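Here's the structure we're looking at; comments come further down.
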Amino acid sequence: LQAELTRLHKRVHDEFAPLAFLYDLRIHGGLAHPPNKQEAASAAAKLGLPKGNWHRTDYLRLLKLIADSFDRISEHLEAASQVMD
């Protein structure tokens, strides 16, 4: 049971990571609070994105990560709604 819970925790963590990055960007990127470049860079690196000097392709990679995250989460919610019917 512990191994299964650990696996599920990692899966949820991985699937929500791009969305959590948006929150980190809001907090550390200077959108809602004073910017903290080190924390923003660390959050980006956790997703495999560069720590700085972003280019257009990096923003597109982030958008793809977010879209894929939404797709996976939507699939889980759809499957759960089928079970509830």
Side-chain angles (χ1 to χ4, degrees):
L1 179 62
Q2 182 63 43
E4 184 174 350
L5 289 173
T6 300
R7 183 182 57 79
L8 289 171
H9 175 267
K10 182 178 178 355
R11 182 176 172 186
V12 168
H13 180 273
D14 292 346
E15 290 182 1
F16 276 83
L19 303 179
F21 173 75
L22 293 178
Y23 178 77
D24 290 339
L25 189 60
R26 178 182 175 273
I27 297 298
H28 305 300
L31 299 174
H33 303 283
N36 183 330
K37 287 186 178 185
Q38 287 181 325
E39 290 296 327
S42 175
K46 289 177 187 176
L47 283 180
L49 298 168
K51 291 185 174 187
N53 299 320
W54 280 32
H55 299 283
R56 182 174 22 134
T57 55
D58 299 314
Y59 289 102
L60 293 174
R61 281 179 47 210
L62 175 60
L63 289 175
K64 175 144 179 42
L65 288 170
I66 291 167
D68 290 347
S69 178
F70 273 121
D71 288 344
R72 285 190 307 274
I73 293 165
S74 295
E75 288 171 6
H76 294 307
L77 292 174
E78 178 65 29
S81 74
Q82 297 300 319
V83 172
M84 299 300 286
D85 287 341

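Treat the numbers as computed from the prediction; the structure is a model and nothing was measured. By convention here, the first residue in the shown sequence is residue 1.
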When the side chains of residues 8-28 are checked against the rest of the protein, which donor-acceptor pairs come out under 3.5 Å, sequence neighbours left out?
residue : atom : partner : partner atom : Å
Lys10   : NZ   : Asp14   : OD2          : 2.7
Arg11   : NE   : Glu15   : OE2          : 3.3
Arg11   : NH2  : His76   : NE2          : 3.4
Glu15   : OE1  : His76   : NE2          : 2.8
Glu15   : OE2  : His76   : NE2          : 3.3

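The salt bridge (charged side-chain N to carboxylate O under 4.0 Å, His left out) contacts involving residues 37-54 comprise nothing, where partners must be two or more places apart or lie in separate chains. Listed by first and then second residue, the ring pair (Phe, Tyr, Trp, His ring centres under 6.0 Å) pairs that reach into residues 31-54 are Trp54-Tyr59, sequence neighbours excluded. Note on residues 56-70: pairs passing salt bridge (charged side-chain N to carboxylate O under 4.0 Å, His left out), not counting sequence neighbours, are Asp58-Arg61, Lys64-Asp68.
Between the side chain of Ser74 and the main chain of Phe70, a donor-acceptor pair closer than 3.5 Å is present.
Listed by chain and number, the residues in a side chain to side chain donor-acceptor pair (under 3.5 Å) with Thr6 are Gln2 (sequence neighbours excluded). Among residues two or more places apart in sequence or in another chain, the side chain to side chain donor-acceptor pair (under 3.5 Å) test is passed with Gln82 by Glu78.
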